[in-house]
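Only one structure is covered here, and it is reproduced in the block below.
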Amino acid sequence: MDPSLPDPASSLSVDSVADSLKSQSLREQGNDRINKENKNKKVKLSLEDLNWDHSFVRELPGDPQSDSIPRQVFHACYTKVLPSAEIENPELVAWSDSVAGLLDLDSHEFERPDFPLKFSGASPLTGAVPYAQCYGGHQFGTWAGQLGDGRAITLGEILNSKSQRWELQLKGAGKTPYSRFADGLAVLRSSIREFLCSEAMHFLGIPTTRALCLVTTGKLVTRDMFYDGNPKEEPGAIVCRVAQSFLRFGSFQIHASKGEEDLGIVSTLADYAIRHHFPHIENISKSETLSFSTGDNGQSVVDLTSNKYAAWVVEIAERTASLVARWQGVGFTHGVLNTDNMSILGLTIDYGPFGFLDAFDPSYTPNTTDLPGRRYCFANQPDICSWNITQFASTLMAAHLISDKEASYAVERYGTKFMDEYQAIITQKLGLQKYNKQLVNKLLNNLAVDKVDYTNFFRSLSNIKADPGIPEGELLVPLKAVLLDIGKERKEAWASWVQSYIQELVASGISDEERKASMDLVNPKYVLRNYLCQSAIDAAEIGDFGEVRRLLKVMERPYDEQPGMEKYARLPPAWAYRPGVCMLSCSS
């Protein structure tokens, strides 16, 4: 990716002003909404005492019908619909105490006998107003029309003691008008993957939707995992997803696609999003003028204070760029980067056939559906998300909210932000003070040629000493556990790279101990490899949920050594490369 870069001074101005506005907004909200004497007081609530709000339903146009019959829905952002999955003796598989804390939910509530009933949808939660969201999207680059929450049902929003808004959603809870030809259900296999990865990504420091809990339904669900005409029955499950909002690019696209009649909904939805999730944007006009030159000749000017929607799309572009840079940093491949899977908050959303890089392969895709063209492979993610931002900006243009110049500037800012963040992340991973393009390019080439494990390599790299006097024959000793089965010529190539790397380390002037400590804070020892998920799935499918819970605990501390847990950092075994483990379809 080689995006056209605007003036760096402009970049700094946008970031610094946006940051100051956010800080100001948060301070004002804190003064207005939070009782000072309760600030340091931990609130622990029962399910019945949760503070529900329903701004989405209250402030946006809804479907006048409330049935779950698959159909086209017009002039509406949502349809009220109740969970309808068949439930029989549901069981709690796993839960997140961390997410419970976000909701002010007492962790003892997980022990309630009726907890699985409530989070399977079989028993209604007091205060919930369930609905399914309407949205569309580009799938594999082609407009797919209406999609929507085909098996996810939002229960409502919880306002916690810090006045933070958290939306709760049951995935796999039954049919909605957006289910098309599907059954609205989910299987234990895919639900375990989504539950674990939602939490694993959070603890890696990557913006993501979260997961409160996972329950079985007690019923079987038929799935054709590989679309090969061989369906089988699998245990059903429901995961409770949590995010400040599940609004996607496609939430806006669907209304713009229906012509002039629904363009007003795009504006209404944008105002709603800004009001609740980007409140600092409302205050941007109070700032001094922010004007920026765009394009190669610098003749066009964009003023972010004159149009809140322009400031908004620029922030969404920057949040997305920052997110993708972090994915590339840990070797995460999403697998299905359709526009309906792109969060306006810059969150990782919709965990389907994802995968973390094992052997470094820029063309890796974990999605069997993506194999013909590898559109969504690891190396393509930055450019695909730029394309998605372009589609989102085009939607706002169609609704007459931003100009073509403002749309172009948002895409430009995406490119700048991605490159800045990615270079900073790689520099940190290498333990250096400044970005060295030649050193990085040579490293990535070496990793690809020898198919080196991405996670374990960077974790081992901190063991190299900044000592130019190390004999040539000993240069690769710190990396012997990750440089496997390489011949003489490749050893020479790696030794040459290590020598260049050591020169950079010496120039930085940082002690080996300090550098190792800082590198180990950004290079995880543990990531949620697909084979680890599969081991937990295999056990859970025969009623043993212990491995899911152990794996969650390990992934909550990915940067720690965790003595005794080393097996979770091992390279994938041979069986991990079979279909259904290292690669999956979109079906679940």
Side-chain angles (χ1 to χ4, degrees), residues 94 98 192-193 195-206 208 326-333 348 351 354-361 364 366 378 425-426 428-431 443-444 446-448 450-464 476-486 494 512-513 515-540 546-578 581-583:
S98 171
I192 286 174
R193 287 171 53 82
F195 174 83
L196 287 174
C197 204
S198 299
E199 293 306 284
M201 291 288 273
H202 169 74
F203 287 101
L204 283 168
I206 297 173
T208 177
R326 296 186 197 192
W327 287 351
Q328 303 304 105
V330 297
F332 175 79
T333 309
T348 315
Y351 291 93
F354 66 82
F356 285 86
L357 290 175
D358 293 318
F360 183 71
D361 176 5
Y364 168 67
F378 177 74
I425 287 168
I426 288 296
Q428 286 182 315
K429 288 177 75 69
L430 291 170
L443 170 60
L444 296 178
N446 283 345
L447 290 172
D450 295 308
K451 295 183 170 24
V452 179
D453 186 85
Y454 188 80
T455 301
N456 289 356
F457 173 82
F458 277 103
R459 187 71 177 191
S460 299
L461 196 61
S462 63
N463 295 322
I464 289 181
L476 302 184
V477 171
L479 302 176
K480 65 180 180 181
V482 291
L483 298 182
L484 307 171
D485 302 321
I486 61 173
W494 275 105
D512 292 334
E513 294 75 17
R515 186 181 64 258
K516 177 174 174 54
S518 64
M519 289 176 70
D520 285 351
L521 289 175
V522 296
N523 292 316
K525 179 166 183 173
Y526 303 97
V527 293
L528 190 67
R529 299 174 188 264
N530 275 339
Y531 87 89
L532 296 175
C533 280
Q534 191 60 46
S535 295
I537 290 166
D538 291 342
E547 187 60 16
V548 176
R549 297 168 187 174
R550 281 189 291 274
L551 193 49
L552 173 63
K553 292 304 177 188
V554 172
M555 295 303 148
E556 287 177 341
R557 296 167 52 205
Y559 298 100
D560 295 348
E561 284 295 322
Q562 300 191 59
M565 296 292 129
E566 291 83 3
K567 69 176 184 178
Y568 292 101
R570 289 177 188 162
L571 296 177
W575 61 262
Y577 294 97
R578 72 173 190 253
V581 180
C582 65
M583 296 189 71

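Just so it is clear, the structure is predicted and the values come from calculations on it, not from any experiment.
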>> Counting C-beta onward and ignoring hydrogens, is there a side-chain heavy-atom pair between Leu443 and Ile426 closer than 4.5 Å?
In response: no
>> Can you list everything that forms a side-chain hydrogen bond (donor to acceptor under 3.5 Å, both in side chains) with Asn456? Sequence neighbours excluded, please.
In response: Arg529
> With sequence neighbours left out, what residues match Arg550 under side-chain hydrogen bond (donor to acceptor under 3.5 Å, both in side chains)?
Replying inline: Glu547
> Which pair of heavy atoms, one from Gly329 and one from Tyr454, lies closest together, and at what distance?
Replying inline: O-OH, 3.2 Å
> Could you go step by step and tell me if Ser535 and Tyr568 meet the side-chain contact (heavy atoms from CB on, under 4.5 Å) rule?
Replying inline: CA-CA 11 Å; Ser535 295; Tyr568 292 101; over 6 Å; no
>> Less than 4.5 Å apart, side chain to side chain, heavy atoms only: is that true for Gln562 and Val554?
In response: yes
> Does the pair Arg193 and Ile537 meet the rule for a side-chain contact (heavy atoms from CB on, under 4.5 Å), with working shown?
Replying inline: CA-CA 8 Å; Arg193 287 171 53 82; Ile537 290 166; 3.9 Å; yes
> Nearest heavy-atom pair of Val527 and Met555: which atoms, and what distance?
Replying inline: O-CE, 3.4 Å
> Which atoms form the tightest heavy-atom contact between Val548 and Leu196, and what is the distance?
Replying inline: O-CD2, 3.7 Å
> Is any side-chain heavy atom of Leu461 closer than 4.5 Å to a side-chain heavy atom of Asn523?
Replying inline: no
> Hey, is the main chain of Leu204 close enough, under 3.5 Å, to the side chain of Arg326 for a donor-acceptor pair?
Replying inline: no
> Just how far is it from atom CG of Leu571 to atom CG of Asp358, taken to the nearest 0.5 Å?
Replying inline: 8.0 Å
>> For a quick test of reading the model, state the closest non-hydrogen atom pair linking Val482 to Val452 and the distance between them.
In response: O-CG1, 3.6 Å
> Once you round to the nearest 0.5 Å, how far does CD1 of Ile464 lie from CG of Leu479?
Replying inline: 4.0 Å
> Can you check whether Glu566's main-chain N or O pairs, donor with acceptor, with Glu561's side chain at less than 3.5 Å?
Replying inline: no
>> To the nearest 0.5 Å, what is the distance between CZ on Phe378 and CZ on Phe356?
In response: 11.0 Å
> Is any side-chain heavy atom of Cys533 closer than 4.5 Å to a side-chain heavy atom of Ile192?
Replying inline: no
> What pairs with Phe457 under ring pair (Phe, Tyr, Trp, His ring centres under 6.0 Å), at least two apart in sequence or on another chain?
Replying inline: Trp494
> Any side-chain heavy-atom pair from Asp450 and Phe360 closer than 4.5 angstrom?
Replying inline: no
> What's the spacing between Tyr531 OH and Arg570 CZ if we round to 0.5 Å?
Replying inline: 7.5 Å
>> Tyr351: which residues meet the ring pair (Phe, Tyr, Trp, His ring centres under 6.0 Å) condition with it, sequence neighbours left out?
In response: Phe354
> What residues form a salt bridge (charged side-chain N to carboxylate O under 4.0 Å, His left out) with Lys553, not counting sequence neighbours?
Replying inline: Glu556
> Does Lys429 have any salt bridge (charged side-chain N to carboxylate O under 4.0 Å, His left out) partners at least two apart in sequence or in another chain, and if so, which?
Replying inline: none
>> Please check: side-chain N/O of Arg459 versus main-chain N/O of Pro524, any donor-acceptor pairing under 3.5 Å?
In response: no
> Should Ile425 and Val330 count as side-chain neighbours, where that means a heavy-atom distance under 4.5 Å?
Replying inline: no
> Which pair of heavy atoms, one from Ser462 and one from Lys516, lies closest together, and at what distance?
Replying inline: OG-NZ, 3.2 Å
>> To the closest 0.5 Å, what do you measure between CH2 (Trp327) and CD1 (Ile206)?
In response: 9.0 Å
> Does any N or O in the side chain of Tyr559 come within less than 3.5 Å of the main-chain N or O of Tyr526, such that one atom is a donor and the other an acceptor?
Replying inline: no
> Just wondering, do Leu552 and Arg549 contact through their side chains at under 4.5 Å, heavy atoms?
Replying inline: no
> What's the shortest heavy-atom distance between Pro366 and Gly355, and which atoms?
Replying inline: CG-N, 3.7 Å
> So how far is it from Leu447 CG to Asp361 CG, rounded to the nearest 0.5 Å?
Replying inline: 11.5 Å
